> 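Structure provided below as structure tokens; questions to follow.
Residue numbers begin at 1 in each chain, while the letters A, B, ... track the order of the sequences. Since the structure is predicted, the reported quantities are computational estimates derived from the model, not experimental observations.
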Amino acid sequence: MLKKRDDFEDILEERRHSSDLRYALKCYTPVLYKGLSPCRASELKSMVLQSDQLQYVINQVSKEMGRTAEEVQAEASTILDEMAHRLQISTVRFFAFTLSKIFKTLFRSICVNEEGIQRLQQAIHEHPVILLPSHRSYMDFLLMSYVLYTYDLSVPVIAAGMDFMGMKIVGEMLRMSGAFFIRRSFGGDKLYWAVFSEYVQIMVKSGFAPVEFFLEGTRSRTAKSLTPKLGLLNIVIDPFLKGEVFDISLVPVSISYERVLEEALYARELLGVPKPKESTSGLFKARKVLSEDYGSIHIYFGQPVSVRALAEGKVNRCQFNLTPRHIPRKPGEEIQSFVNDLAYRLVRSQEENMVLTPWVLLAFLLLQNQAVGNERGMSLDELTEQAAWVRDLSRQFGAFLHWPESLCAGGGDKQDVLLFFCSPLESEMPHSAMTSEEELLNRAVIILSCASYRNQALHLFIRPALLAVAIQAASSNKKQEVYNSFSFLWNMFSNEFILCPGAAVQDFEEACYLLVKSGALQISQQEILVSGRGHRTLAFLANILDPFLEGYQVRKCKFPIEGAVELS
Amino acid sequence: MASNSSRGSSERHRIAQHRLSVIAGHLQRPLNGDTTIRATECKAQGTRPDVATEMKTVPRRRQEIMKWNGWGYNDSKFIYNKNGQAEFTGKRYRLSGMIIPGLRDWMESTFGATVQHKTPATPVLNTSAVQPPTLNEAFVEGIKSTGIPFSHDPEDRVFRSHGHCLHEIFPLREGKVGRVPDMVVWPKCHNDVVKTVELACKHNVCLIPFGGGTSVSSALECPPEETRSIVSLDTSQMNRVLWIDEKNLTAHVEAGIIGQDLERLLNESGYCTGHEPDSMEFSSLGGWVATRASGMKKNIYGNIEDLVVHIKMVTPRGVIEKSCQGPRMSTGPDVHHFILGSEGTLGVVTEVTMKIRPVPEYQKYGSVVFPNFEQGVACLREVARQRCAPASIRLMDNEQFQFGHALKPQVSSIFTSFLDGLKKFYITKFKGFDPSRLCVATLLFEGDREKVLQHEKQVYDIAAKFGGLAAGEDNGQRGYMLTFVIAYLRDLGMDYFVIGESFETSVPWDRVLDICRNVKARIVQECKDRGVQFQPLSTCRVTQTYDAGACVYFYFAFNYRGLSDPLHVYAQVEHAAREEILANGGSLSHHHGVGKLRKEWMRETVSDVGLGMLKSVKDYVDPNNIFGNRNLL
């Protein structure tokens with residue numbers, strides 16, 4: 001179960017010792033895709049506009065709408081102008097310089113697994129590469145490009161939301177560093193869809209640069225992975241299914257923040273305070289974050305996933321034999337379910353390689369032992385003891401823990417821990433001058449922030465936790481009964497957590513395996529028995545799901561607000 | 001008149017005997033009374049051939065002039081000579097007797113195949129390794145009474161137990177022999193075949209027709225599950241041109257004739273069929289019909305299905321043929337198409353009436369260098385769009401271009417090598433072609449001199465639009481010459497741990513580039529995944545153009561040193577490559593046929609109903625599976 005994981009290297013270390021300017025101006029010769037036919041960003045545009053795919057849709061649209069083909073073509077061209085990136089190495093260098101400065105103030109370290117980088121380099125050379133980072137912060141895509149530049153890899157082209165385009169100057173600069181902008185929704189707009197998909201596919205096919213997008217579609221405000229959006233994934237694997245490229249490598253990237261920049265914002269957003277509109281002035285105002293400590297970042301480049309290997313036996317590529325490939329078609333059921341499985345699999349591998357800090361595990365304990373009314377929380381000693389216990393449990397579950405030596409149970413500098421994990425909360429500590437309403441809001445923000453930290457490790461516990469609740473809920477300890485109630489919960493939460501569609505049985509078995517391994521359960525052919533020391537584990541696990549279960553019982557008015565689900 | 005004819009016949013007989021002795025002399029074999037080669041006419045046939053009977057290339061004991069465990073003639077092969085240089089032996093080909101200085105380096109750099117690591121073939125067939133024949137006595141008696149020559153000599157039987165797939169030749173080189181036919185018969189004419197088939201039906205023996213033996217689809221392999229006596233029906237002695245009809249430009253030919261003999265005989269009268277598959281030195285007319293063959297000059301003359309006017313086939317149900325020679329008929333589904341591609345599962349093709357053409361006045365080779373394969377394909381596509389393809393146009397990828405280069409014979413004059421150097425300089429330095437990307441198209445024009453030159457200009461003009469540079473006649477001619485010797489090269493490879501094969505497909509134009517790239521990459525990947533220690537050779541060429549697509553030919557070979565079961569690895573890779581072809585919109589086969597090697601994909605290729613249709617034909621024509629080679633279905 002324990003996965004072999006790579007070691008990390010701190011890339012800020014070198015930045016603190018050598019010139020940022022020299023770094024920004026360094027000789028930059030990234031490895032290119034072997035089949036690359038060199039072209040500039042501007043040539044991409046004419047390739048897109050001339051492509052059979054787009055021409056077909058243009059003719060179709062012009063017939064349907066009764067407009068001339070030229071008009072539609074012109075519209076397509078406008079859409080493309082709005083969308084296209086204008087990757088320029090000078091802008092990349094500018095960002096390399098500025099970001100070095102900013103990152104050094106914000107973060108203690110940016111740790112990258114270098115073996116992952118080597119794998120990525122190999123993958124870029126061999127096949128078109130799609131980078132799929134987790135999405136927790138606006139920082140994600142800046143970080144990605146920064147890291148790739150640092151390691152002399154091609155900076156990716158990044159699918160970004162239209163919101164950024166509204167930012168004066170910054171939007172254009174992002175464009176010049178490889179971002180391309182897509183509308184948030186364009187459901188019925190055939191032409192837009194055609195331009196967009198052709199643009200992305202041409203970049204994939206030509207091996208122009210790695211294409212990067214976020215499977216989750218948007219930043220997860222709760223640090224819990226969002227169920228994947230399939231649109232872009234469908235688009236990028238299409239060239240493989242149609243035989244236009246030999247293979248495509250999908251590289252899941254897990255970016256774990258000790259503390260996300262938007263921490264407090266997210267909590268407020270969840271409470272209904274609207275998201276500030278992306279604007280340059282807003283960005284400027286937010287410079288106060290520069291004075292704070294956001295700890296370390298771990299970026300883990302996962303094992304490249306070969307679409308070819310996964311599609312083997314699942315998708316019959318012959319289905320494209322009988323119609324010209326440039327005529328757009330809705331993907332059939334077979335492909336839909338393949339892409340769906342693929343997407344979940346990728347999000348799961350993002351989750352698995354998330355680095356968890358002690359604070360994340362402590363958040364579980366703190367939230368389970370909140371000071372409510374007269375009940376006081378827990379003492380520091382208690383917390384330390386339990387933290388060690390949770391740490392051991394999570395290790396057994398295969399967690400990717402970043403647990404500083406000084407925190408080893410029994411010894412170490414507890415003050416240090418405390419300092420560290422309290423810092424995120426300090427800013428929200430009640431001041432005497434606050435109204436009671438503000439105080440309530442602040443308290444909610446603290447709890448939600450805590451919940452966000454806890455959520456970072458939910459993937460680790462979710463299957464055993466479902467099993468724990470299932471055991472509690474089942475009428476007997478018969479395996480089948482437990483499975484039935486597990487399956488009910490599993491279905492209910494299938495949109496809440498990353499549970500691969502159709503994998504209830506595997507998930508059940510995985511949960512059983514983990515709990516048997518950790519000594520909490522004994523499982524015979526027919527029955528599931530809780531062992532003596534298993535009660536503590538099961539109670540802890542079941543407790544994790546409590547807020548979610550409560551959230552789902554909205555109609556019982558426990559939480560009479562609509563966002564109850566989001567609350568958790 | 002009668003005496004006249006008998007005199008004519010004995011005269012011919014005398015001439016034939018004379019020629020035989022001359023050729024036997026060449027072959028350094030005494031011509032004694034009991035030679036197995038006999039220039040006798042088929043008595044059963046009433047009509048006399050119009051065309052002078054001449055010594056034919058294929059004797060009954062083929063092993064006397066052809067390799068029993070390799071390709072082609074015994075006297076022609078690649079070897080490393082005393083100086084360690086590659087040389088092609090014999091006298092038959094333009095390359096014969098020449099030193100090929102680049103070949104050894106190419107073998108070493110491409111495959112890592114060095115002279116030190118040798119895997120020589122067993123020189124002589126160990127006849128004790130051949131299982132004794134299971135004879136059907138009644139059938140043998142029947143054959144004896146008809147006077148049709150037959151044999152159960154192990155060498156004869158082994159020779160007819162295989163085609164030229166790697167997995168057929170490789171074990172033979174190691175002296176391993178599987179199931180072989182129990183007996184070989186040599187009918188001399190249509191009536192002999194009728195008698196043989198009748199006897200086979202009567203005594204329930206399995207018949208496997210054998211033409212040139214150049215199959216690469218396992219079509220000639222004896223099904224191991226066959227318990228009946230297996231009789232190989234060798235058509236090679238049915239090899240006469242029965243008549244030539246100059247008014248209609250047709251010739252009526254016995255189906256056992258092999259390509260080179262057919263062309264030669266027709267040439268004597270000033271005609272040709274223009275059907276030139278790469279195997280034409282050895283493959284037979286009946287084989288072409290039975291596999292839907294394709295010739296390299298099909299752009300002018302058509303493929304076999306375009307060339308045949310009339311077919312006679314002997315089946316267990318009787319003889320099938322059409323009643324007239326109308327050039328096209330609307331009489332329901334064309335029954336010829338049950339025969340074309342039937343791969344010996346329905347009967348034996350005995351006689352064919354084929355279109356013929358006057359021998360072209362003028363032939364010209366040519367070649368064009370393109371900066372890359374993509375441009376080359378685009379050019380071929382444009383040539384096809386304008387329907388101005390020369391008799392033959394082939395585009396080789398870069399690997400094959402390099403390979404062709406390695407096969408250049410030693411140049412005798414300094415002047416030629418200087419010119420070559422100059423050409424190379426011009427193309428790579430002056431025109432900026434990347435030597436690791438450029439590719440070459442070879443061309444063959446045929447027809448009136450004036451039209452050929454005009455045509456040539458048209459094609460070169462198109463090529464120029466795609467960045468193509470004319471690269472001379474020599475390169476073109478060498479390209480076509482190589483197609484005949486390339487098959488010999490596999491034997492050299494097998495002497496040094498290299499195994500390989502070619503396979504083909506046809507594919508719509510828009511998929512040509514994709515299929516080439518993907519199949520080549522798939523081969524490389526599969527080799528890697530299966531533990532092949534050396535980089536494989538994975539290369540392709542576009543060999544035919546059609547209005548709606550092209551025929552693509554792949555070559556695949558690797559050094560198997562370090563593998564415990566190279567044949568199995570080979571089979572797995574080839575299987576994967578075929579899957580890749582199908583997934584990329586390619587066909588199961590363009591002209592090699594299905595045989596047993598590819599029959600697992602027949603259902604998905606022609607659909608359930610399609611397969612059912614074919615089965616029902618088989619069930620009607622041959623309910624007892626007398627033609628039991630189990631190909632196709």
> CD/B:Gln525 to CZ/A:Phe246 distance, rounded to the nearest 0.5 angstrom?
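So the gap between those two atoms works out to 4.5 Å.
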
> What residues of residues 461-469 of chain B sit under 4.5 Å from chain A when only non-hydrogen atoms are counted?
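Residues of residues 461-469 of chain B touching chain A at under 4.5 Å: none.
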
> Side-chain polar contacts of residues 549-557 of chain B - donor-acceptor pairs under 3.5 angstrom, sequence neighbours left out - could you list them?
unit_1, atom_1, unit_2, atom_2, d
B:Tyr553, OH, B:His592, NE2, 3.1
B:Tyr555, OH, B:Arg541, NH1, 3.4
B:Tyr555, OH, B:Arg541, NH2, 3.4

> Give the C-alpha distance, both sets of side-chain angles, the deciding distance and a yes or no for side-chain contact (heavy atoms from CB on, under 4.5 Å) between A:Arg325 and B:Asp514.
CA-CA 12 Å; A:Arg325 288 174 295 171; B:Asp514 291 332; 2.8 Å; yes

> Nearest 0.5 angstrom please: B:Arg522 CZ to A:Asp247 CG, how far?
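With rounding to 0.5 Å, CZ (B:Arg522) is 10.5 Å from CG (A:Asp247).
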
> Taking atom NE2 as the centre, does B:His337 end up with more than 12 heavy-atom neighbours from other residues, nucleotides or ligands that are less than 6.0 angstrom away?
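It does: B:His337 NE2 has more than 12 such atoms within range.
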
> Got a donor-acceptor contact below 3.5 angstrom from the A:Arg317 side chain to the B:Leu582 backbone?
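No, the answer is negative, given that no donor and acceptor are paired below the 3.5 Å cut-off.
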
> Residues two or more places apart in sequence or in another chain: which of them pass side chain to side chain donor-acceptor pair (under 3.5 Å) with A:Gln73?
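Listed in chain order: A:Gln55.
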
> Taking only distance into account, with no hydrogens and no angle test, what donor-acceptor pairs under 3.5 Å do side-chain atoms of residues 340-348 of chain A form with protein atoms, sequence neighbours excluded?
unit_1, atom_1, unit_2, atom_2, d
A:Arg348, NH2, A:Glu510, OE1, 3.4
A:Arg348, NH2, A:Glu510, OE2, 3.2

> For B:Glu579, which atoms come within 4.5 Å of any heavy atom of chain A: side chain, backbone, both, or neither?
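Neither part; nothing is under 4.5 Å.
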
> May I ask you to say whether A:Glu244 pairs ionically with B:Arg517, meaning some side-chain N is under 4.0 Å from a carboxylate O?
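Result for this pair is no, no salt bridge flagged.
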
> Provide the closest heavy-atom pair for B:Ala583 versus A:Cys318 in the form atom of the first, atom of the second, distance.
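Minimum heavy-atom contact is CA-SG, 3.9 Å.
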
> Tell me whether the count of non-hydrogen atoms from other residues, nucleotides or ligands lying under 6.0 Å of CD in A:Glu64 goes above 12.
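It does: A:Glu64 CD has more than 12 such atoms within range.
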
> Between A:Val245 and B:Asn518, which heavy-atom pair has the shortest distance, and what is it?
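Heavy atoms of A:Val245 and B:Asn518 come nearest at C-OD1, 3.7 Å.
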
> If you take all heavy atoms of A:Asn321 and B:Asn584, which pair is closest and at what distance?
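Scanning both residues, the minimum pair turns out to be OD1-C, 4.2 Å.
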
